[in-house]
J.: 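Pasting a structure here, questions to come.
We count ligands from 1, going down the list as the structure has it; atoms in each ligand are counted the same way.
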Amino acid sequence: MQTNTARIDVICASAPVIPVLTLENADQALGIGTALVNGGLKVLEITLRSDYGLSAIKQLKKALPDAIIGAGTVLTPQQYEACVEAGADFIVSPGCTAQLLLHGSQSEVPLLPGIATVSEAMAAMELGYGRFKLFPAAVVGGMDFLKAIGGPISQLKFCPTGGVKPTNAADYLALSNVMCVGGTWLTPAALVEQGDWQAIEALARQAAALAAP
Ligand code: 3PG
């Protein structure tokens, strides 16, 4: 089995931006998922924040064979396994617990664990992790945090999420320890309510044009 780091690297090299999605029903999931992939963003993080989350993972795995479907807001090993059964290609957690990290280190489906401190990163490194979601990025120091941790622990790479927007995404992506960024800005509530998938595709196209380092 490839290392968690190698598997996450392949996924995070596939698009500069990972849309973080909370999907409420099948029509919405298909409309948004198709728009994002057509716009050039093929890596999606579908959170478990809605009741439809797990079903959306199953649905989009079938409907969008070229997409890489991640499960987000995974808090427990039980949720991890439910997402694996649903077909998730990778798992994202907002933070990390010892249990979740251990579970991920034994799973065939890779984990992108969330961290917010250097100590959390170091604890996860002991289990072999080297790729992290920095969350909530803007709150815990954003680019300053990434630059600072890149000095002592330069081998780690991050997907910052939380407060990343079109106005700062390129600056994050320019950092040598940022592999991609995540965010909810691709699916503004108003566009989702109107079912304006074309506008979402246009936002995806702009995000896909951002260059990863
Ligand atoms: C996440 O779960 O990654 C965040 O909710 C995304 O944060 P954002 O809404 O600031 O992009």
J.: Yes or no: does G162 have any heavy atom under 4.0 Å from an atom of ligand 1?
T.: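 Yes; G162 lies near enough to ligand 1 that a heavy-atom distance drops under 4.0 Å.
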J.: So which heavy atom in the protein is nearest atom 4 (C) of ligand 1, and how far is it from that ligand atom?
T.: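 For atom 4 (C) of ligand 1, the nearest protein heavy atom comes out as F135 CE1, 3.6 Å.
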J.: State whether the number of non-hydrogen atoms from other residues, nucleotides or ligands found under 6.0 Å of M125 atom CE is greater than 12.
T.: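 Buried by this count: over 12 neighbours within 6.0 Å.
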J.: Ignoring hydrogens and angles, tell me if any N or O in the side chain of D89 forms a donor-acceptor pair with the backbone of I69 under 3.5 Å.
T.: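 Checking the backbone N and O of I69 against the side chain of D89, a donor-acceptor pair under 3.5 Å is found.
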J.: Output yes when the distance from some N or O of ligand 1 to some N or O of V20 is under 3.5 Å, and no in every other case.
T.: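 There is no such contact.
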J.: Is there a side-chain contact between Y80 and L111 in this structure, where contact means two heavy atoms from C-beta onward sitting under 4.5 Å apart?
T.: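 In contact.
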J.: Find the distance between CG (N4) and CG (L127) and round it off to the nearest 0.5 Å.
T.: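 One finds 10.5 Å between CG of N4 and CG of L127.
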J.: In sequence, state the C-alpha distance, the side-chain angles, and the governing distance for T73 and R49, and then conclude on side chain to side chain donor-acceptor pair (under 3.5 Å).
T.: CA-CA 7 Å; T73 322; R49 282 174 232 181; 2.9 Å; yes
J.: Any salt bridge linking D9 with K157? Criterion: basic side-chain nitrogen under 4.0 Å from a carboxylate oxygen.
T.: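 Salt bridge: no.
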J.: Please report whether ligand 1 has a polar contact with R49, defined as an N or O pair separated by less than 3.5 Å (distance criterion only).
T.: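 Checking ligand 1 against R49, an N or O pair does fall under 3.5 Å apart.
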J.: For atom 6 (C) of ligand 1, what's the nearest protein heavy-atom neighbour? Residue, atom name and distance, please.
T.: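 Sorting protein heavy atoms by distance from atom 6 (C) of ligand 1 puts T161 CG2, 3.6 Å first.
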J.: N/O of K133 under 3.5 Å from N/O of ligand 1, yes or no?
T.: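 Checking ligand 1 against K133, an N or O pair does fall under 3.5 Å apart.
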J.: Which of the numbered atoms in ligand 1 are below 4.0 angstrom from a heavy atom of G183?
T.: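 Answer for ligand 1: 11 (O).
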J.: Just by modelled atom types, is the S105 backbone N or O under 3.5 Å from a matching donor or acceptor in the Y129 side chain?
T.: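 Between the backbone of S105 and the side chain of Y129 there is a qualifying donor-acceptor contact (under 3.5 Å).
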J.: Is it the side chain, the backbone, both or neither of T184 that has a heavy atom closer than 4.0 Å to ligand 1?
T.: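 The part of T184 near ligand 1 is both the backbone and the side chain.
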J.: Please indicate whether any nitrogen or oxygen in W185 is less than 3.5 Å from any nitrogen or oxygen in ligand 1.
T.: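 W185 vs ligand 1: no N/O contact under 3.5 Å.
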J.: As a quick check of understanding, evaluate side chain to side chain donor-acceptor pair (under 3.5 Å) for S50 and T22, giving each step before the final call.
T.: CA-CA 6 Å; S50 66; T22 300; 6.0 Å; no
J.: For ligand 1, indicate whether the residue K165 contacts it via side chain, backbone, both or neither (heavy-atom separation under 4.0 Å).
T.: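 Looking at K165 and ligand 1, no heavy atom falls under 4.0 Å.
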J.: Out of all atoms in ligand 1, which are within 4.0 Å of some heavy atom of G163? Include the element for each.
T.: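 Near G163, the atoms of ligand 1 are 8 (P), 10 (O).
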